[in-house]
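Only heavy atoms go into these numbers, but all of them, side chains included; no hydrogens, no water, no symmetry mates. Computed from a predicted model, the values in this text were never measured in an experiment.
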Amino acid sequence: MTTSVIAPATHQPSTTAARKGAIDLRQVRKTYGDVVAVDQLDLSIQPGEFVTLLGPSGSGKTTTMMMVAGFEEHTSGSVMIDGVPVDSLPPRERNLGVVFQNYALFPHMSARENVEFALRMRKVPKAESRRRADDALDRVGLSGLGGRKPRQLSGGQQQRVALARALVFNPAALLLDEPMAALDKRLREHMQEEIKTLQKSLGISVLFVTHDQDEAMAMSDRIVVMKDGRIVQSGPPEEVYNHPVTDWVASFLGDTNLIPATVISRDGEEAVVDLAGLGTGRVRDRGAQGERYAVSIRPEHLKFRAGPDGENGGAGELTSSTNLGATIRHRITVGGHSLQLRELSSDAGASGHAVGSAVHVGWDADKAQLLVLEG
Amino acid sequence: MATATLERSRPRAGGPSGSAWPRRRRRGGWLLLLAPIVAFDVLFFLTPLGKLVASSFTGGAYARVLADPLVTRSLVNTLTIALTSTVVTVVLGYVIALVLWRSGTVMRVILFAVVLLPFWTGILVKNFAWAVLLQDNGLVNDFLQNIGLTDAPIGLLHNRFAVIVGMVHCLLPYAVFPIFSSLTAIDGRLALAARSLGAGEVSVFRRITLPLSTPGISAAGLLVFIISTGFFITPVVMGGPGDMMIANEIDYYARQLTDFSGAAALAVILTVLVSVIAAVYQRVLKAGGHHETL
């Protein structure tokens with residue numbers, strides 16, 4: 001995760017000599033009375049790694065971040081930063097940069113004063129703190145706006161100030177709590193790229209909290225999916241997306257086709273399953289154990305076929321086609337299942353199936369994932 | 001006839017999205033609804049006020065009262081007592097508001113009741129209660145002697161100190177509520193952000209909480225000062241002869257000297273003085289408010 005060439009020339013290379021910013025959570029648990037907010041959580045963030053806690057509201061992701069920051073005290077377990085337990089340290093001694101959901105900029109201070117705050121708290125001489133604050137503002141593209149109050153800045157600019165403020169004191173790591181929630185879609189995508197670029201150029205570790213799976217996919221080195229205070233799955237974005245371990249993870253990270261399956265044999269890598277109404281097939285397996293299983297096939301991995309060739313597929317009827325602009329969503333009834341097939345609009349002309357016509361569909365074995373059906 | 005039909009058809013047309021014509025009718029109707037209160041105010045407030053101002057300009061009243069050394073003295077008393085009790089009230093009120101703000105639900109309800117209590121108690125009751133506490137053989141003096149801090153009763157009543165105590169007690173709610181509401185308006189994440197940036201409790205208070213609650217402090221200061229210039233009973237019950245305020249002087253002119261134009265002149269002087277001070281105060285605040293820095 002260290003090879004990035006997209007950092008623009010204006011960004012300063014990381015000046016910190018030794019790579020730091022490892023965060024370790026060991027068996028961390030947080031309860032409020034009888035309610036368990038976070039349960040026996042183990043999580044390690046490597047120096048320079050961008051880790052996203054992804055989950056719906058109430059999944060414990062923000063609580064986890066607050067415990068790392070020191071705003072919430074964990075009930076049991078241990079939090080370590082660069083190998084040192086910080087359980088008894090107040091937030092101000094943890095040396096972590098935090099960006100809050102609505103930025104929490106100090107409204108009575110100018111952008112520069114906001115950025116300087118941490119330096120003033122560290123008794124940095126006035127001239128130096130001003131220079132470093134201006135440097136930090138330059139780095140986030142806000143040169144010359146240091147004199148403005150937060151209310152005189154746009155949402156995107158406020159977020160840049162919040163980033164500069166969290167980075168100016170060379171923190172061990174950056175904690176971001178849904179920092180893009182208040183921005184509109186286009187600006188959000190732009191800021192995602194900027195934050196990612198900035199993070200790479202600084203080589204700083206990031207713990208990112210969001211409920212937006214697109215954001216998590218776009219930015220993370222690793223996604224940690226949380227549900228009910230527990231980690232459900234953790235891995236690189238492609239892996240979590242293509243190989244979800246439960247139907248819940250599969251649905252949370254986007255649209256999917258779930259076909260109930262009976263396991264015939266499995267070796268931990270691959271499984272042979274009986275797909276009710278669709279015959280037997282070979283699918284990917286991650287060894288997840290449960291009572292009931294299903295196979296997940298993303299709509300974009302389901303393909304039209306010219307004829308009834310190969311395993312992993314079947315014949316059915318095209319019941320509807322909806323043009324979504326860039327893509328077309330087809331619904332196909334195959335062996336009693338209604339499956340979703342998504343193809344690029346630019347590819348659609350060639351196949352040219354009419355609604356109501358008989359079609360053949362199928363998928364590649366490595367694109368079908370065996371998972372556990374929850375609930 | 002036509003208007004009557006319009007009036008009647010309006011509810012059926014439904015909602016505020018009617019044509020311009022009924023809307024104009026309605027605006028006229030609203031003004032008409034104001035008529036009773038306007039008439040009442042003109043009759044019972046503006047007319048007497050006008051008469052008072054007019055009478056203050058008869059018989060050289062201003063020259064007469066301003067030549068009276070007792071008047072200048074009570075004016076000085078009014079300003080110094082009002083200023084002192086305003087400062088004490090705002091400081092005490094800030095502390096109480098801070099505790100209220102930081103306390104849990106149950107504690108907050110209890111504290112609110114305690115703060116509101118003086119609101120519901122008559123000023124005479126409050127002042128006499130303090131007189132009982134502060135008198136020579138009162139609770140406070142007894143306590144001081146019992147613990148051996150003093151040998152004889154110390155004069156706690158019928159002086160400037162007692163007046164301030166009595167006034168502050170009455171004025172506290174007026175300071176607590178504006179300050180409390182400005183504290184609750186502060187985003188709680190600002191303190192978290194400051195702590196993550198390296199601030200301790202003291203720095204959070206000094207650099208975040210205090211500057212962001214200044215609107216409440218200035219509102220409380222103005223409100224309390226204006227109210228405190230008009231105190232009348234407290235100087236009588238708890239003050240000494242040297243603690244008379246302008247309201248007492250007005251009373252003296254009206255009842256002892258039966259010099260109504262003199263009393264009117266004093267009332268006008270007080271009103272103008274307080275208005276000028278309030279205007280200057282707000283001008284200064286406005287000029288200073290935008291330069292809040294670290």
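- Contact of Arg122(A) with chain B is made through the side chain alone, with heavy-atom distances under 4.5 Å.
- The residues Glu178(A) and Lys61(A) are annotated as salt-bridged, a charged nitrogen and a carboxylate oxygen being separated by less than 4.0 angstrom.
- Heavy atoms of Phe106(A) lying under 4.5 Å from chain B belong to its backbone as well as its side chain.
- When the candidates Pro107(A), Ala162(A), Ala69(A) are compared by the number of heavy-atom contacts under 4.5 Å with chain B, Pro107(A) comes out ahead.
- Ring pair Phe177(B)/Phe112(B) is parallel by interplanar angle, where below 30° counts as parallel and above 60° as perpendicular.
- Atom CZ of residue Arg160(B) and atom CG of residue Asp243(B) lie 4.5 Å apart, to the nearest 0.5 angstrom.
- For Ser203(B), the part sitting under 4.5 Å from any heavy atom of chain A is the side chain, from C-beta outward, and nothing else.
- In this structure, chain A has heavy atoms under 4.5 Å from both the backbone and the side chain of Ala194(B).
- Heavy atoms closer than 4.5 Å to chain B are found nowhere in Leu175(A), neither backbone nor side chain.
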| task | Using the salt bridge (Lys or Arg N to Asp or Glu O under 4.0 Å) rule, take Arg131(A) and Asp135(A) through it: C-alpha gap first, then chi angles, then the decisive distance, then the call. | result | CA-CA 6 Å; Arg131(A) 184 184 55 75; Asp135(A) 280 353; 3.4 Å; yes
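- Heavy-atom neighbours of Phe143(B) CZ from other residues, nucleotides or ligands within 6.0 Å: at or below the threshold of 12.
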